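Here's the structure, in structure tokens; my notes come after.
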Amino acid sequence: MSIKPTVQLKNVTKVIGKKTIIDNISFDIYPGEVFGFLGPNGAGKTTTIRMLVGLIKPTSGIIKICDFDVRKQFVQAMQRLGSIVENPELYKYLSGRENLQLFARMLPGVDSERIQEVIDLVDLTARIDDQVQTYSLGMRQRLGIAQALLGRPDVLILDEPTNGLDPMGIKDLRTFIRKLVDETGLSVLVSSHILSEIEMLADRVAIMSRGKIVKVGTVRDLVDALSSGVDWRVNDAFRALDIVKASPYVQSAELYDDHTIHTLMDESKTSILNESLLQAGIEVWTIERKVQTLEDLFIRLTGGDHIV
Ligand SMILES: Nc1ncnc2c1ncn2[C@@H]1O[C@H](COP(=O)(O)OP(=O)(O)OP(=O)(O)O)[C@@H](O)[C@H]1O
Ligand SMILES: [Mg+2]
């Protein structure tokens with residue numbers, strides 16, 4: 001038995017002019033999953049999302065929403081999808097409910113009962129009949145999400161939903177998205193250039209840099225993969241470096257200063273490497289496990305791109 005993905009991207013490329021903005025990316029998103037799209041400004045997050053929601057066409061590759069090809073079965077694919085790509089279009093002199101009613105006119109099968117359902121889902125019940133201009137940014141955000149949810153989509157796409165929110169607003173959004181996913185089994189794609197937010201929001205993360213996906217994994221896996229940094233302090237780091245690099249247990253090693261080598265290696269093999277160094281007449285002073293952050297991984301994977 002296998003669960004079918006709700007979103008599938010296969011070898012998607014977007015060329016604008018002579019520039020390859022999105023370079024052969026592939027990933028799947030599954031039901032009940034919050035998928036984070038992390039990358040610095042200009043990485044290509046919005047461009048990917050614009051292709052997903054059918055605003056622009058990929059130059060090559062396939063995008064499917066619930067098995068419907070976004071190019072060949074556009075209407076069916078879009079019926080399964082709700083999104084906020086730029087700021088949600090809201091009429092600020094109307095109430096939240098009136099906004100939803102207006103939007104619902106374009107959607108067959110959405111009645112006042114469904115409108116009430118999404119209002120409850122996004123926790124706006126108490127304020128829904130007030131004018132939108134009296135709403136906080138977080139409330140407007142949730143009204144936008146309510147709008148995106150009206151047609152009962154299987155996939156919700158939010159481009160940088162935390163933009164402009166304060167830490168409390170971000171925390172609320174996180175709780176809200178989690179509750180939404182648990183209650184509805186929806187797939188949610190959220191993009192952000194802020195690592196700590198994605199770490200909190202997402203189950204799985206795709207790290208994007210310069211139009212490429214450099215890594216996909218669960219937040220847990222990514223963090224686990226980081227625990228293998230080991231620093232070696234020795235009397236002669238130059239000489240030690242050759243031995244360290246030759247070890248089959250070392251993925252990478254770099255000289256930090258005359259006495260220090262940073263490595264990424266199988267932590268359980270430090271004593272074996274230690275012995276090789278001692279045999280070569282090198283004095284090992286200290287061996288230290290360096291706990292790395294997701295940011296270290298990011299910088300390593302992207303070759304120094306910056307991220308907050
Ligand atoms: N229509 C276009 N014509 C030319 N270049 C474009 C176009 N749209 C996007 N780009 C370029 O593609 C790259 C990716 O842009 P995109 O907006 O997808 O990045 P992003 O990851 O969403 O960044 P941000 O975090 O700033 O929102 C950028 O270098 C941008 O300048
Ligand atoms: Mg963007």
Side-chain angles (χ1 to χ4, degrees), residues 7-29 34-63 65 70-71 78 81-90 137-138 140-141 144-145 147-148 155-167 169-170 173-174 177 187-202 204-217 219 222 293-295 297-308:
V7 176
Q8 291 169 280
L9 268 86
K10 276 204 189 87
N11 306 111
V12 172
T13 293
K14 178 70 182 176
V15 179
I16 301 181
K18 282 182 184 159
K19 215 172 139 203
T20 303
I21 308 237
I22 302 299
D23 192 358
N24 194 26
I25 67 170
S26 302
F27 62 85
D28 293 340
I29 307 179
V34 181
F35 190 84
F37 217 36
L38 176 69
N41 293 132
K45 303 179 297 291
T46 300
T47 306
T48 304
I49 288 175
R50 288 170 70 84
M51 289 191 282
L52 270 167
V53 304
L55 286 170
I56 53 172
K57 281 183 187 162
T59 307
S60 60
I62 292 174
I63 302 177
I65 309 289
V70 170
R71 288 173 87 171
M78 289 310 117
L81 188 119
S83 65
I84 309 180
V85 180
E86 271 96 34
N87 286 331
E89 293 283 322
L90 299 169
L137 190 64
R140 285 174 205 209
Q141 189 75 259
I145 294 175
Q147 193 169 294
V155 181
L156 178 66
I157 295 181
L158 306 173
D159 191 16
E160 308 254 2
T162 56
N163 264 2
L165 296 183
D166 60 18
I170 293 172
L173 182 74
R174 172 188 163 205
I177 288 180
S187 301
V188 180
L189 181 136
V190 284
S191 74
S192 176
H193 59 280
I194 300 169
L195 184 103
S196 56
E197 288 179 13
I198 286 287
E199 208 170 348
M200 288 197 302
L201 281 170
R204 223 149 49 90
V205 182
I207 298 179
M208 193 162 202
S209 166
R210 296 168 202 175
K212 290 194 170 79
I213 288 187
V214 289
K215 187 108 185 167
V216 183
V219 170
L222 295 184
T293 62
L294 213 45
E295 184 173 3
L297 175 74
F298 188 86
I299 290 168
R300 211 166 72 222
L301 289 171
T302 60
D305 264 359
H306 254 299
I307 194 149
V308 185

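The structure presented is a predicted model; accordingly, all values stated were derived computationally and were not measured. Side-chain atoms are counted along with the backbone in the values below, which use heavy atoms only and exclude waters and symmetry mates. Order of listing sets the numbers, starting from 1, for every ligand and every atom in it.
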* To do: Report the part of Met208 (side chain from C-beta onward, or backbone N, CA, C, O) that has a heavy atom under 4.0 Å from ligand 1; answer both or neither where that applies.
  => neither

* Asked: Considering distance alone, does some N or O of Lys19 sit under 3.5 Å from an N or O of ligand 1?
  -> yes

* Can you tell me if Glu160 has a non-hydrogen atom under 4.0 Å from ligand 1? -> yes

* Asked: Do Lys45 side-chain atoms and Met208 backbone N/O form a donor-acceptor pair below 3.5 Å?
  -> no

* Asked: Does the pair Phe37 and Ile29 meet the rule for a side chain to side chain contact (heavy atoms under 4.5 Å, CB included), with working shown?
  -> CA-CA 11 Å; Phe37 217 36; Ile29 307 179; over 6 Å; no

* Asked: If you measure from CD1 on Ile194 to CE on Met200, what distance do you get to the nearest 0.5 Å?
  -> 9.5 Å

* Structure fact -> Separation between CG (Asp166) and CG (Leu137), nearest 0.5 Å, reads 9.0 Å

* For the side chain of Ser192 and the backbone of Leu38, is there at least one donor-acceptor N/O pair under 3.5 Å apart? -> no

* How close do Ser191 and Pro161 get, heavy atom to heavy atom, and via which atoms? -> O-CD, 3.4 Å

* To do: Return yes when at least one protein heavy atom is under 4.0 Å from atom 30 (C) of ligand 1, and no when none is.
  => no

* Asked: Would you say Lys45 and ligand 1 have an N/O pair spaced under 3.5 Å apart?
  -> yes

* Name the closest protein heavy atom to atom 15 (O) of ligand 1, giving the residue it belongs to and the distance to 0.1 Å. => Thr47 OG1, 3.7 Å

* Asked: Mind checking whether Ala43 has an N or O less than 3.5 Å away from an N or O of ligand 1?
  -> yes

* Which part of Asn41 is near ligand 1, with near meaning a heavy atom under 4.0 Å away: side chain, backbone, both or neither? -> both

* ligand 1 atoms in contact with Thr46 (distance to a heavy atom under 4.0 Å) -> 17 (O), 18 (O), 20 (P), 22 (O), 27 (O)

* Quick check: does Ile16 get an N/O under 3.5 Å from an N/O on ligand 1? -> no

* Can you pull out the closest protein heavy atom to atom 6 (C) of ligand 1? Residue, atom name and distance to 0.1 Å, please. => Ile21 CD1, 3.4 Å

* Asked: Out of curiosity, is Gly44 lining ligand 1, as in a heavy atom under 4.0 Å away?
  -> yes

* Asked: For Lys57, does its backbone N or O pair with a side-chain atom of Lys14 as donor and acceptor, under 3.5 Å?
  -> yes

* **Interatomic distance, Asn163 atom CG to Ile170 atom CD1 [nearest 0.5 angstrom]** => 9.0 Å

* atom 23 (O) of ligand 1: the protein heavy-atom neighbour that sits closest, reported with distance to 0.1 Å -> Gly42 N, 2.7 Å

* Mind checking the CD1-CG spacing from Ile213 to Leu9? Nearest 0.5 Å is all I need. => 7.5 Å

* N/O/S of Ser191 less than 2.8 Å from the Mg ion (ligand 2)? -> no

